[in-house]
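What follows is a short report on a single structure.
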Amino acid sequence: MEQTVEAMAAIPARMNAGWNKGDAAAFAAELADDAELVDFEGTIHRGSEAVIAFNQPLFDTVLKGSRMVRSEVPFARIVRPGWGVVHHRVCLVMPGEDEVLSNRCFMQLLAVGSRNGRWEVATLQNARLVTLESAMTLDARSAGRDVTS
């Protein structure tokens, strides 16, 4: 595979396709064997096999039938030969839902490296997109303050 920005930018679409099939191995196929994936809660999963072991039970139960939608890559760039970054935004829709809930949208930063003629994800940082207003509401609830006034 050619080492282009376009090739890097195509990685999230393939990962989303694996997610949408409920196939953790397909979801993790773009990861290097020794990759890290940091989920939106901050848990670090080390190695593609650990990512598969974590995700497949979720795909088989609570995330069964969930879909990644509204995928976009605002930027991808090669930072030096053989290394690049990809910024990806995506939303999660649960089974039976037609609308995207704003609290289920994420941004991901992927650090990718070239190995054996293809881009592989070395690290993926996943973060939930949260507005300042919703973050303040969560903070107030956590502190036990009334958020209705």
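Everything numeric in this text was worked out from a predicted model, so none of it was measured.
In this structure, Val85 and Arg77 have side chains that are in contact, with non-hydrogen atoms separated by less than 4.5 Å. Residues Phe27 and Asn16 form no side-chain contact, since every pair of their non-hydrogen atoms from C-beta on lies 4.5 Å or further apart. With a 4.5 Å cut-off on side-chain heavy atoms, Arg67 and Met94 do not count as touching. Counting only heavy atoms from C-beta outward, the side chains of Cys105 and Val90 never approach each other to under 4.5 Å. When side chains are defined from C-beta on, Ser71 does not count as touching Arg89, because their heavy atoms never get closer than 4.5 Å. Within the 4.5 Å cutoff, the side chain of Val86 has heavy atoms near those of the Val73 side chain.
To the nearest 0.5 angstrom, Leu58 atom CG is 13.0 Å from Lys64 atom NZ. To the nearest 0.5 angstrom, Thr123 atom OG1 is 9.5 Å from Arg46 atom CZ. With rounding to the nearest 0.5 Å, the separation of CG in Leu37 from CZ in Phe54 is 9.0 Å. Going from atom CE of Met107 over to atom CD of Gln125 covers 8.0 Å, rounded to the nearest 0.5 Å.
Using a 4.5 Å cut-off between side-chain heavy atoms of Ile, Leu, Val, Met, Phe, Trp and Tyr, with links allowed through other members, Leu124 and Val5 fall into the same hydrophobic cluster. Linking Ile, Leu, Val, Met, Phe, Trp and Tyr residues whenever their side-chain heavy atoms come within less than 4.5 Å leaves Phe75 and Leu129 in two separate clusters. The cluster map of Ile, Leu, Val, Met, Phe, Trp and Tyr, joined by side-chain heavy atoms under 4.5 Å apart, puts Met68 and Leu63 in the same cluster.
Just one residue in the list His88, Glu30, His87 forms a side chain to side chain contact (heavy atoms under 4.5 Å, CB included) with Leu110, and that residue is His88.
Cation-pi geometry between Arg128 and Phe106 is not met: the NZ or CZ atom fails to fall both under 6.0 Å from the ring centre and inside 45° of the normal.
Heavy-atom minimum distance, Trp83 versus Ala122: CZ3-CB, 4.1 Å. For the pair Leu92 and Trp19, the tightest heavy-atom approach, listed with the atom from each and the gap, is CD1-NE1, 3.7 Å. Taking every heavy atom of both residues into account, Met8 and Gly84 meet most closely at SD-CA, 3.6 Å. The two residues Ala35 and Leu31 have their closest heavy-atom pair at CB-CB, 3.9 Å. The minimum heavy-atom distance between Val93 and Val69, with the atom names listed, is CG2-CG2, 3.4 Å. The shortest heavy-atom contact between Ala7 and Arg14 is O-NH2, 4.2 Å.
A salt bridge does not link Glu72 with Arg70: every distance from a Lys NZ or Arg NE/NH1/NH2 to an Asp or Glu carboxylate oxygen is 4.0 Å or more.
A donor-acceptor pair under 3.5 Å is absent between the side-chain atoms of Glu97 and the main chain of Ser66, judged by distance alone. Put simply, the side chain of Gln108 never gets that close to the backbone of Asn126: no donor and acceptor are under 3.5 Å apart. Under the 3.5 Å distance criterion, the side-chain polar atoms of Thr137 are matched with a main-chain donor or acceptor of Glu133.
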